[in-house]
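Here's the structure we're looking at; comments come further down.
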Number of protein chains: 2
Amino acid sequence: MASSLQPLATSLSPQERFQEYLQAKGLRQTEQRKFLIDEVFNQHEHFDADELIERLPRRGSPNYVSSATVYRTLREFVDAGLLKSFQLEGRTVYEHDYGYPQHDHLYCTRCQELFEFTSDELIALRDRVAADQGFRVTGHRLIIQGICQKCSQTRRKKRKQDLV
Amino acid sequence: MASSLQPLATSLSPQERFQEYLQAKGLRQTEQRKFLIDEVFNQHEHFDADELIERLPRRGSPNYVSSATVYRTLREFVDAGLLKSFQLEGRTVYEHDYGYPQHDHLYCTRCQELFEFTSDELIALRDRVAADQGFRVTGHRLIIQGICQKCSQTRRKKRKQDLV
DNA sequence: TTTCCTGCAAAATCTTTGCATGATC
DNA sequence: GATCATGCAAAGATTTTGCAGGAAA
């Protein structure tokens, strides 16, 4: 819901791409890995390890995956280029990377939602700044904090009511 | 060493400014707070709680400050507007805010050093993006990752030697 | 059948908190 | 003297790891 970007055309699904990664590394295709990649690419929202674990089957249910395996697998997804991760208020937040354009974020500090945007201008600016300092760029992370439109409106309404 | 920015002119020292903050909030001026503010503003490098604790006197020595107090005091410094904090690879990194211009960072993933830069253009871009989405901006954080000039050179030399 | 993977529990980090004692206003 | 701050230890929160049993190739 917070996304306004279009997916990129990809020749392989995330599942297929992960298979290739596993084969290239001599790793195995397990039930847990298959299940997790489906879960993770089933939706596009940002999430952290805990949120993912919360919506997975509980211990004892079919398809249960232990937390340790979730953490291990999320790291593999990042290594495989399927997910990106970044830090936000102490949590490690994951988002789709494969099949999704490079982008940055607006973060609403009231509702905690992340909104995406792209800016070629930002990339140009970044490269110029880096070149100035003799830096070889490998990436960047920009998060703009503030209050989103919806939250601003909510607050405004509440204030009017308070005055009544 | 990683800084190329000039301090701003300030009418109060960080110490004085913190005194005002404490008085305004009805808090107390303790030995620990005085000692810590001197330690923290004694140098300009970025640091995390652990690095600060490491260079403070050990338990039993004069001026010993417990870790709990260090954590509590760092939060007060941030509240007081003396320090800013941000997340970098899981750590909470602190830097001087009071008396120092708004800036962003280049981060060398090889030597882990942070370099600072300012860009009015970035601010303009940020405000434009936010306005587009109806966001009310309160701040931002940009970190450009890459390899710094020195590390690039080191690596290049090593490669030549490897060929000999 | 060899190697890798998983689940479990324990450990490792980093940070916060409850509480009794002690310092500051 | 009243209140706030500190130190200590314990608890939280999050993530990693050692290990034994189990699964994939």
Side-chain angles (χ1 to χ4, degrees), chain A residues 15 18-37 39-40 46-80 83 85-94 112, chain B residues 15 18-37 39-40 46-80 83 85-94 112:
Chain A
Q15 285 81 354
F18 192 50
Q19 278 185 38
E20 288 206 343
Y21 169 86
L22 292 175
Q23 284 171 9
K25 288 238 174 183
L27 303 177
R28 288 166 188 178
Q29 217 180 339
T30 64
E31 289 306 314
Q32 288 87 341
R33 283 170 177 163
K34 279 188 240 175
F35 184 73
L36 286 177
I37 200 163
E39 275 299 319
V40 161
H46 300 83
F47 64 94
D48 63 22
D50 197 54
E51 286 164 358
L52 176 57
I53 290 166
E54 283 295 303
R55 67 169 209 258
L56 293 175
R58 306 288 155 185
R59 186 197 301 208
S61 311
N63 291 320
Y64 168 71
V65 182
S66 71
S67 302
T69 295
V70 170
Y71 278 103
R72 284 188 278 236
T73 306
L74 285 174
R75 262 190 305 182
E76 288 169 341
F77 288 168
V78 172
D79 285 350
L83 293 182
S85 70
F86 55 100
Q87 303 290 127
L88 186 62
E89 296 185 345
R91 309 178 311 152
T92 299
V93 176
Y94 295 88
Q112 258 95 290
Chain B
Q15 285 82 354
F18 192 50
Q19 278 186 37
E20 289 206 342
Y21 169 86
L22 292 175
Q23 283 171 10
K25 288 237 173 183
L27 303 177
R28 286 166 189 180
Q29 220 182 336
T30 64
E31 288 306 314
Q32 288 88 340
R33 284 171 177 161
K34 279 188 240 172
F35 184 73
L36 286 176
I37 200 164
E39 275 298 319
V40 161
H46 300 82
F47 64 95
D48 62 25
D50 197 53
E51 285 164 358
L52 176 58
I53 290 165
E54 283 295 303
R55 68 167 206 261
L56 293 176
R58 307 288 153 184
R59 187 195 305 205
S61 311
N63 290 320
Y64 168 71
V65 182
S66 71
S67 302
T69 296
V70 171
Y71 278 103
R72 283 188 278 235
T73 307
L74 286 174
R75 260 191 306 183
E76 286 168 341
F77 289 169
V78 171
D79 285 350
L83 294 181
S85 71
F86 58 99
Q87 303 287 129
L88 185 62
E89 296 185 344
R91 309 180 309 152
T92 300
V93 176
Y94 295 87
Q112 258 96 288

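In the text below, chain A, chain B and the rest are named by the order of the sequence lines, each starting its count at 1.
In this structure, Q87(B) atom CD and dT13(C) atom C1' are separated by 13 Å, rounded to whole Å. Between the C1' atom of dT13(C) and the CD atom of E54(B) lies a distance of 14 Å, rounded to the nearest Å. Rounded to a whole Å, the CZ atom of F47(B) is 15 Å from the P atom of dC14(C). In this structure, Y64(B) atom OH and dA23(C) atom C1' are separated by 17 Å, rounded to whole Å. Rounded to whole angstrom, the span from the CG atom of L27(A) across to the C1' atom of dA23(D) amounts to 14 Å. Rounded to whole Å, the distance from CZ on R91(A) to C1' on dT13(C) is 19 Å. The CZ atom of R75(A) sits 13 Å away from the P atom of dC5(C) (whole-angstrom rounding). Atom-to-atom, CZ of F35(A) to P of dT6(C) comes out at 14 Å; the value is rounded to the nearest Å.
R72(A) has no side-chain polar atom (N or O) that falls below the 4.0 Å cut-off from OP1 or OP2 of dT16(D). Close to dC5(C), at under 4.0 Å from its OP1 or OP2, lies no side-chain N or O of T69(A). Residue S66(B) places no side-chain N or O under 4.0 Å from the OP1 or OP2 atom of dC8(D). Phosphate contact (OP1/OP2 of dA23(D), side-chain N/O of Q29(A), threshold under 4.0 Å): absent. For dT6(C), one of the phosphate oxygens OP1 or OP2 lies less than 4.0 angstrom from a side-chain nitrogen or oxygen of T30(A). The phosphate of dC8(C) (OP1 or OP2) has no side-chain N or O of Y71(A) nearer than 4.0 angstrom.
Here the side chain of R33(B) pairs a donor or acceptor atom with the backbone of R28(B) at under 3.5 angstrom.
When each of T73(A) and E31(B) is assigned the nucleotide of DNA chain C with its nearest heavy atom, T73(A) is the one assigned upstream, toward the 5' end. Nearer to the 5' terminus of DNA chain C, by closest-nucleotide assignment, is the contact made by V70(A) (compared with the other of A68(B) and V70(A)).
Under the 4.5 Å side-chain criterion, counting only non-hydrogen atoms from C-beta, T30(A) is not in contact with T69(A). Counting heavy atoms from C-beta on, the side chains of E51(A) and R91(A) come closer than 4.5 Å.
Note on S67(A): nothing from the nucleic acid sits closer than 4.0 angstrom, heavy atoms only.
A salt bridge is absent between K25(B) and E76(B): the closest approach of a Lys/Arg side-chain nitrogen to an acidic carboxylate oxygen does not fall below 4.0 angstrom.
Here the side chain of R33(B) is nearest to one of dC4(C), dA24(D), dT6(D), namely dT6(D).
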Notebook entry, point to check: Given T92(B) and Q87(B), is the side chain to side chain donor-acceptor pair (under 3.5 Å) satisfied, shown in steps?
Noted result: CA-CA 5 Å; T92(B) 300; Q87(B) 303 287 129; 3.1 Å; yes
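For R28(A) against dC5(C), no side-chain N or O and base N or O form a donor-acceptor pair under 3.5 Å.
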